[in-house]
There are 2 protein chains.
Amino acid sequence: MTMTRVKGAEALPLNRILDGDCIEVMNSLPAESIDLIFADPPYNLQLRGTLHRPDNSLVDAVDDDWDQFSSFAAYDAFTRDWLSAARRLLKPQGAIWVIGSYHNIFRVGAALQNQGFWILNDVVWRKSNPMPNFRGKRLTNAHETMIWASKSEGGKYTFNYEALKALNEGVQMRSDWVLPICSGHERLKDEKGDKAHPTQKPESLLHRVLVGTTNPGDVVLDPFFGTGTTGAVAKMLGREYIGIEREESYRRVAEKRLAKVRKFDREALEVSASKRAEPRVPFGQLIERGMLRPGEELYSANRRFKARLRADGTLVGADVKGSIHQVGAHYEGAPSCNGWTYWCFRRDGQLVSIDVLRQQIRAEMQG
Amino acid sequence: MTMTRVKGAEALPLNRILDGDCIEVMNSLPAESIDLIFADPPYNLQLRGTLHRPDNSLVDAVDDDWDQFSSFAAYDAFTRDWLSAARRLLKPQGAIWVIGSYHNIFRVGAALQNQGFWILNDVVWRKSNPMPNFRGKRLTNAHETMIWASKSEGGKYTFNYEALKALNEGVQMRSDWVLPICSGHERLKDEKGDKAHPTQKPESLLHRVLVGTTNPGDVVLDPFFGTGTTGAVAKMLGREYIGIEREESYRRVAEKRLAKVRKFDREALEVSASKRAEPRVPFGQLIERGMLRPGEELYSANRRFKARLRADGTLVGADVKGSIHQVGAHYEGAPSCNGWTYWCFRRDGQLVSIDVLRQQIRAEMQG
DNA sequence: ACTTATAGTGAATCATCAT
DNA sequence: TATGATGATTCACTATAAG
C-alpha cells in the first residue's frame, strides 16, 4: 500500500479499495492523476419476472438493488455524473474502458461521445460458453460490448500494438475477443458457497485490456470494483490500482483476493516493444562512422533505382536530391517512403539493406 | 410488381424502388403496413485525412456527401426523424434491424430506446476478412453491430428459432455471426468497373436476418436501399420488398440486379453462409486464461532447451526472443518449428506438452 | 490444365518530433 | 501553434498474369 503525491498536496491512495459512492469518492481524488479507468457499471437490466430453465430450475438473475433505475432518464443522469467525475480524473493522455450489454451500452456510448471522449474501438467480448436462451425466443446472448475511448479527440493514448500482436500469434489483435466467462475456481464464492458477485469478469479479459493499453507503473482506477478483478490483474502485471466499491460484502471478498495475488517477475512483464520506442539513429551517422563512404552508390531493394551518397548524408539521384526518405519517395512516386528499408548498399557483390547498419549501431548503444 | 391495399385507400407499392428522401417517402406510405424494416443508415464516419497502406497505395475511403453531418446533434436529429417515420409504418407485431459501427450505433441504439422500440438482441457481425489497421494504432476494426428491436415493449415479433438453429448446425443461433464481407462476383460494379456502392452488404447477412425474423409473404422495407441487397434476398426468399433510395446511380444498379434475381435461388447463399474455419487458438490465450504464468519456464520436449514466458505470450531464451515457433526454430537451427508440439511446461515434476492446453480450449469452444 | 507469383482491395474516425 | 522532416505500418481473399 502506497501513498503518492501528485500535483500538489493531494494524495493518491494507491492499491486500496475505497469505500463509498463512486461519484463522491472520485470527486475527492486529484484531477488528472489516473492513466486508465476500467468501468463495469450497472447494466440496468430491466428484467421482468423470473426465468426458469427447461428443467424448471430457477435462473439466478441479476436483481440487486444497485441495478435498479426508475427510467432511462435516471440511468442517463447516473451515467453522465460518473463519466464526468471519471473524465476529470484522467490525465490528458489517459483512456477509459466501459463494458456493458445492449441494455445500457448504447446509452453509455452516446454519453461518452457527448462528453468529449473519443472512441478508439468498440470491442466485442465473444463468450465461448454463454448461458443459452432457455425459452428459444431470441438469439443466445453470447457477447458483451466494451468501449475504449481516449479523453478527447486527438488525445494521445497508450497502445501496445506489438504486445497484442504477440498475444494473437503474430497477427493484429482484432476488435472481437473470444474468451470464456468467469467460472470454475476463478469464480469467487461467499461464506455460504454462493457466487460472491453476480457479474464477476474473467481475469483474461482484464489481462488483455491492461497489457494492451497500460504500461507497468500506470495507475488504473475501477469505480465499480466489485470483487476486484481489475485490481487483481493490475497487481499481477505491475500496475497500480485504485478500487471504489460501496458494498461491504464485495470489498471484503476483494481484499482477501488481492492479498493472495502475486506480481509477475519484472522480466516477464516486459512485452514486445514497438520500433518507434527504439532510439533514433540519424542516417548521417553511418557515414561519420565509416560504415558507408561518400561517393558510394545505394540501390533500391527492387534494383530499379540508384543514387549516390554525399558527405552530409544526402542522396543524389538522376533528377533529385535529398534525404534517403525523400529520394525514395520521389522514385516510387509515393507520398512517403521509409528510406531505411528502401535502400541497399553493395558488399561482396550482394545487396544489403542499410537497416542492418542501423541495427548494428543500436546494438552498440545498448551494450 | 404488385399494388396491395392495406387499411383503407392507400396503396402499398410492393417490390419497387421508390425515389426520394426516405423520411418523406416513408411519411407517404400507410401506417402499420410493414412487417420488417432493415436499415443501413449513414455511419457518420468523420474521417480526417487520407490513409495509405504500407505499400503506399491509397485507401478508398467512404467520403460520400451522404455520410457528412455537421455535428452529433445533426446526426441525432436525422436519426430521430427517420426512426420516427419508420416506427409509424410498422405493424404492431413488426420489428426493425439497424446496422452500424461505433461511430453511430450508440446514438442509434439510444434513439431506438427513447422512441419506445424494445431491443431484442444486439447482433455482432464478425467479419472474417476485415481491412487491417494499417498504422498499428488501434485494434483491427473487425466487426459491425446490428440492433434488432420490436416496435414496443411486450410487442410480439417473428422469430424462427428452429430455422436459425438449423442454419447453425443444430445449436442455438448466437448473437455473433461470422460472415465474410461482400467481395468477388457478389460485389456490384458500375459502368467503369469501380464498385457501384462503397458499403454494399453481403447477401449472407440479410439471408440470416430474413430467414430468422420474417415469414414468406411478409413486407420488408429498406429505407436506405443502396444497391438493393435487402430486396435481392427478400425476393429470393419469397418476401415482398419496398426500397427507398435517393441516388439515381444506386437505383439503376439495384433495378438491374433485382431483375436478374430468381425466387428460391438459395444455393449460392447456403455455401457462403456455411463456410466456417477451424478455430485458431493464439498461444497468448494460455497466459490470459491463467493456464500458464508469466515468468514460468517452458522446456523443449527433448529437455535440451528452456525459455521463460512473458506477459504477452512471447518467450525469452538465452540469446533469443520471440514466439513459441520462432524460439523453437532458433534452438533447433531449423527454418520453422511448430511451437505447440515443441514446448512443454512442468506440472507435478512432469513435463506436459502445451498442446494439451490448446486441446482444452478447443474443447471448450465447441461445447 | 494446373500451379505459382503479383496486384488489388475492403464503412478507417490510422504519427510524432524538432524547429 | 504551425510547419517540415522522419520513418512506421497490413490481413484475408479475389483476380489476373506468368510459368
Side-chain angles (χ1 to χ4, degrees), chain A residues 113 117-122 149-150 153-157 159 161-162 165 168-175 274-278 280-284 302 313-314 322-326 328-329 334-343 354-355 358, chain B residues 40-64 66-69 72 99-105 125 127-145 180-187 189 193-195 197-202 224 226 272 275 277 280:
Chain A
Q113 291 179 313
F117 288 100
W118 194 246
I119 298 180
L120 299 166
N121 279 114
D122 61 335
S150 61
E153 181 179 0
K156 289 198 203 314
Y157 54 90
F159 182 57
Y161 173 74
E162 292 292 346
K165 191 172 167 178
N168 199 32
E169 289 240 307
V171 292
Q172 288 190 339
M173 187 66 81
R174 301 167 37 120
S175 58
S274 79
K275 290 193 185 147
R276 204 175 273 283
E278 296 183 59
R280 203 178 77 86
V281 176
F283 175 69
N302 59 22
T314 56
S323 70
I324 52 172
H325 315 294
Q326 291 166 335
S336 70
C337 171
N338 183 349
W340 287 106
T341 52
Y342 185 77
W343 294 105
I354 60 173
D355 206 35
R358 180 168 65 164
Chain B
D40 182 11
Y43 287 10
N44 188 24
L45 285 189
Q46 301 176 281
L47 303 179
R48 301 307 190 218
T50 57
L51 179 65
H52 291 84
R53 298 187 180 82
D55 66 2
N56 276 319
S57 63
L58 183 67
V59 174
D60 183 18
V62 176
D63 55 359
D64 304 71
W66 49 253
D67 198 42
Q68 305 304 317
F69 294 85
F72 281 133
I99 184 168
S101 66
Y102 66 84
H103 308 83
N104 71 322
I105 198 65
W125 169 27
K127 302 179 185 185
S128 54
N129 49 350
M131 187 162 71
N133 185 293
F134 294 117
R135 308 303 289 267
K137 293 298 164 187
R138 302 182 179 189
L139 301 165
T140 306
N141 198 358
H143 74 276
E144 294 188 25
T145 300
I181 60 175
C182 182
S183 64
H185 287 304
E186 190 186 327
R187 189 85 193 204
K189 310 287 188 209
D194 298 327
K195 59 188 174 194
H197 192 284
T199 70
Q200 186 184 339
K201 296 294 176 289
F224 307 97
S272 65
K275 221 188 287 177
R280 187 175 58 90

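FYI, side chains are in, hydrogens and waters are out, and symmetry mates aren't considered; it's all heavy atoms of this structure.
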Does D:dA8 have OP1 or OP2 sitting under 4.0 Å from an N or O in the side chain of A:Arg358? yes
At 4.0 Å (heavy atoms only), tell me whether A:Thr341 reaches a base, stays on the sugar-phosphate, or touches nothing. nothing
Given D:dT9, D:dC11, C:dA11, identify the nucleotide with an atom nearest to the side chain of B:Leu45. C:dA11
Between D:dG7 and C:dG10, how far apart are the two P atoms, rounded to whole Å? 32 Å
Please report the distance, rounded to the nearest Å, between CE in A:Met173 and P in D:dA12. 14 Å
Can a side chain N or O of A:Lys165 be found less than 4.0 Å away from OP1 or OP2 on D:dT10? yes
Base, sugar-phosphate or nothing for A:Glu278? Non-hydrogen atoms, less than 4.0 Å. nothing
Rounding to an integer number of angstrom, what distance separates C:dC14 and D:dA5 when you compare their P atoms? 23 Å
Nearest-angstrom distance, C1' atom, D:dA15 to C:dA11: 23 Å
Taking only N and O in the side chain of A:Asn338, is any of them less than 4.0 Å away from OP1 or OP2 of D:dT6? no
A:Ser323 and A:His325: CA distance, side-chain angles, deciding distance, side chain to side chain donor-acceptor pair (under 3.5 Å) verdict: CA-CA 5 Å; A:Ser323 70; A:His325 315 294; 5.2 Å; no
Check B:Arg48 with A:Glu153, please: is the shortest side-chain N to carboxylate O separation under 4.0 Å? yes
